[in-house]
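Below is one structure, written out as structure tokens, with a few remarks after it.
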Amino acid sequence: MAISVKLSDAIERGEPIVVLAGAGMSAESGVPTFRGDDGLWKNYRPEELATYSAFVRDPKLVWEWYNWRRSKIKGCSPNPAHNAVTLLEGKLGDKLTLVTQNVDGLHRDAGTRNYLEVHGCIWEVRCLKCGLSGELRDIPDESLPPKCTCGGLVRPGVVWFGESLPEHILSAAFRASAECAVMVVIGTSGVVYPVAHLPQVARENGAHVIDVNLERTPISDIADEVFLSPAGDVVPKLFGMMG
Ligand code: BJW
Ligand code: ZN
């Protein structure tokens, strides 16, 4: 039974809550995760695709991978776990902070407003030369790699390995983690830093940490409660929102 007394009490009292999401949050929407048997990197090494040096070496290859992922995500919709976060935000307002590692934009689609996309967004792009950035949904395969009007190479607006996370977003995530009463971690393998530190930060500052995953992760070891079930089943029940 997916019920946490600590979490329901915190919701009832309107205490600050952080939801920390990873790829498992979107798995039931049909978005592939990164690691594991069906993961996106089963046939590639991360450093072959998700780094700046891979991009400048072969921008067309990297863009083909991103265009393939964009086409998959385009057909995906938020699942009950995304919707439950939005409903919880409706109840808690800005006491709810969503920190998401996901670049798929499904939390935005679900209507959550107070989100921190710490690894960026797959629909955003940025020019390497002039820095112009914005949302660009459709990029025909024939035009890869896309070029800016200034002639510069355009990159996906995501955070690759070895790159710093956006400073103001990361500091907001650390602050919210240090100040929350409960952190609910959903569908992350907990191996990618600095985000993997956040549950520890929450714990050290007295928060109750809940981990929702199909399997145990390093985060399960420091969590107060662990629910080993699909996010789409557990999260609406945990939040008391069956939407
Ligand atoms: C379900 C489910 C269901 C399935 N229900 N659950 C050694 C120690 C510490 C750090 C480092 C180190 N060596 C290198 C580093 C730094 C590096 C790092 O952390 N590497 C580790 C891998 C070792 N980090 C960085 O480089 C970061 N930057 C940084 O540190 O800057 C400072 C610096 C600068 C210069 C030099 C060194 C440091 C940047 C990290 C950026 C990560 N970017 C990616 C790609 C984003 C773009 C894109 O999408 O293409 O972000 S990598 C990828 O992993 C993606 C994800 O957001 C991220 C996390 O993955 P996530 O979400 O956890 O997914 P999975 O697939 O791993 O897990 C899914 C989970 O869901 C599983 O547990 C399933 O069981 C579960 N699940 N279905 C519930 N239905
Ligand atoms: Zn430009």
Side-chain angles (χ1 to χ4, degrees), residues 2 20-42 44-55 62-63 65-70 72-73 79-82 99-105 117-134 136 146-167 169-170 184-200 210-220 226-236 238:
L20 172 58
M25 180 96 189
S26 296
E28 290 154 81
S29 295
V31 182
T33 61
F34 289 89
R35 297 166 187 85
D37 287 348
D38 299 324
L40 278 168
W41 287 338
K42 202 170 161 241
Y44 294 98
R45 288 188 302 135
E47 59 273 23
E48 283 178 77
L49 294 169
T51 65
Y52 180 78
S53 53
F55 181 67
V62 173
W63 260 115
W65 186 57
Y66 277 94
N67 246 14
W68 171 75
R69 288 175 56 199
R70 287 160 68 107
K72 270 194 97 82
I73 294 169
N79 67 54
H82 297 102
V99 179
T100 184
Q101 300 171 85
N102 300 341
V103 299
D104 55 34
E117 290 176 327
V118 285
H119 290 161
C121 177
I122 203 163
W123 303 115
E124 281 168 18
V125 298
R126 187 165 76 248
C127 173
L128 288 189
K129 195 169 167 194
C130 72
L132 189 69
S133 63
L136 189 59
K147 295 277 176 59
C148 178
T149 46
C150 81
L153 193 55
V154 167
R155 62 164 285 173
V158 298
V159 181
W160 286 321
F161 282 113
E163 294 187 319
S164 300
L165 281 64
E167 175 55 34
I169 296 179
L170 185 63
V184 187
V185 183
I186 304 168
T188 179
S189 54
V191 297
V192 176
Y193 289 86
V195 172
H197 277 310
L198 297 177
Q200 189 71 49
I210 299 174
D211 189 29
V212 178
N213 203 305
L214 296 181
E215 58 189 30
R216 289 189 67 87
T217 71
I219 292 168
S220 316
V226 179
F227 294 92
L228 297 179
S229 292
D233 287 351
V234 172
V235 176
L238 266 182

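Counting starts at 1 for both ligands and their atoms, in listed order. Positions are given from 1, in the same order as the sequence printed here.
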Does ligand 1 have any N/O atom under 3.5 Å from a protein N/O, and what are those pairs and their distances?
unit_1: ligand 1; atom_1: 5 (N); unit_2: A231; atom_2: N; d: 2.9
unit_1: ligand 1; atom_1: 19 (O); unit_2: Y193; atom_2: N; d: 2.7
unit_1: ligand 1; atom_1: 19 (O); unit_2: Y193; atom_2: O; d: 3.4
unit_1: ligand 1; atom_1: 24 (N); unit_2: Y193; atom_2: O; d: 3.0
unit_1: ligand 1; atom_1: 26 (O); unit_2: G162; atom_2: N; d: 2.7
unit_1: ligand 1; atom_1: 28 (N); unit_2: E163; atom_2: O; d: 2.8
unit_1: ligand 1; atom_1: 31 (O); unit_2: E163; atom_2: O; d: 3.1
unit_1: ligand 1; atom_1: 43 (N); unit_2: V159; atom_2: O; d: 2.9
unit_1: ligand 1; atom_1: 49 (O); unit_2: R69; atom_2: NH1; d: 3.4
unit_1: ligand 1; atom_1: 49 (O); unit_2: R69; atom_2: NH2; d: 2.7
unit_1: ligand 1; atom_1: 50 (O); unit_2: Y66; atom_2: OH; d: 2.5
unit_1: ligand 1; atom_1: 50 (O); unit_2: R69; atom_2: NH1; d: 2.6
unit_1: ligand 1; atom_1: 51 (O); unit_2: H119; atom_2: ND1; d: 3.2
unit_1: ligand 1; atom_1: 54 (O); unit_2: R35; atom_2: NH1; d: 3.2
unit_1: ligand 1; atom_1: 54 (O); unit_2: R35; atom_2: NH2; d: 3.2
unit_1: ligand 1; atom_1: 57 (O); unit_2: Q101; atom_2: O; d: 3.0
unit_1: ligand 1; atom_1: 57 (O); unit_2: H119; atom_2: ND1; d: 2.8
unit_1: ligand 1; atom_1: 60 (O); unit_2: R35; atom_2: NH1; d: 3.1
unit_1: ligand 1; atom_1: 62 (O); unit_2: A23; atom_2: N; d: 2.8
unit_1: ligand 1; atom_1: 63 (O); unit_2: T188; atom_2: OG1; d: 2.6
unit_1: ligand 1; atom_1: 63 (O); unit_2: S189; atom_2: N; d: 2.9
unit_1: ligand 1; atom_1: 63 (O); unit_2: S189; atom_2: OG; d: 3.2
unit_1: ligand 1; atom_1: 66 (O); unit_2: F34; atom_2: N; d: 2.8
unit_1: ligand 1; atom_1: 66 (O); unit_2: R35; atom_2: N; d: 2.9
unit_1: ligand 1; atom_1: 67 (O); unit_2: R35; atom_2: NH1; d: 2.6
unit_1: ligand 1; atom_1: 67 (O); unit_2: S189; atom_2: OG; d: 2.5
unit_1: ligand 1; atom_1: 68 (O); unit_2: S189; atom_2: N; d: 3.4
unit_1: ligand 1; atom_1: 71 (O); unit_2: G24; atom_2: N; d: 3.4
unit_1: ligand 1; atom_1: 71 (O); unit_2: G187; atom_2: O; d: 3.2
unit_1: ligand 1; atom_1: 73 (O); unit_2: N213; atom_2: OD1; d: 3.3
unit_1: ligand 1; atom_1: 73 (O); unit_2: N213; atom_2: ND2; d: 3.0
unit_1: ligand 1; atom_1: 75 (O); unit_2: N213; atom_2: OD1; d: 2.6
unit_1: ligand 1; atom_1: 80 (N); unit_2: E28; atom_2: OE2; d: 2.9

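Under a 4.0 Å N-O distance rule, the pair E163/R155 qualifies as a salt bridge.
Distance check, rounded to the nearest 0.5 Å: OG of S220 to CD of E215 gives 9.0 Å. A distance of 6.5 Å separates CZ of R70 from CD1 of I122, quoted to the nearest 0.5 Å.
Residue C148 comes nearest to C127 through the heavy atom pair CB-SG, 3.6 Å, listed as atom of the first residue, atom of the second, then distance.
In this structure, M25 and T188 have side chains that are not in contact, with every pair of non-hydrogen atoms separated by 4.5 Å or more.
No donor-acceptor contact under 3.5 angstrom links the side chains of S133 and E124, judged on distance only. A donor-acceptor contact closer than 3.5 angstrom is absent between the side chains of T100 and H119.
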(message) Checking F55 against W63 for the side chain to side chain contact (heavy atoms under 4.5 Å, CB included) test, could you report, in this order, the C-alpha distance in whole Å, the side-chain angles of both residues, the deciding distance, and whether it holds?
(response) CA-CA 8 Å; F55 181 67; W63 260 115; 3.5 Å; yes
(request) Starting from the C-alpha separation in whole Å, work towards a yes-or-no answer on side chain to side chain contact (heavy atoms under 4.5 Å, CB included) for R35 and V192. (result) CA-CA 11 Å; R35 297 166 187 85; V192 176; 3.2 Å; yes
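Near the Zn ion (ligand 2), less than 2.8 Å away, sit the protein N, O or S atoms C127 SG, C130 SG, C148 SG, C150 SG.
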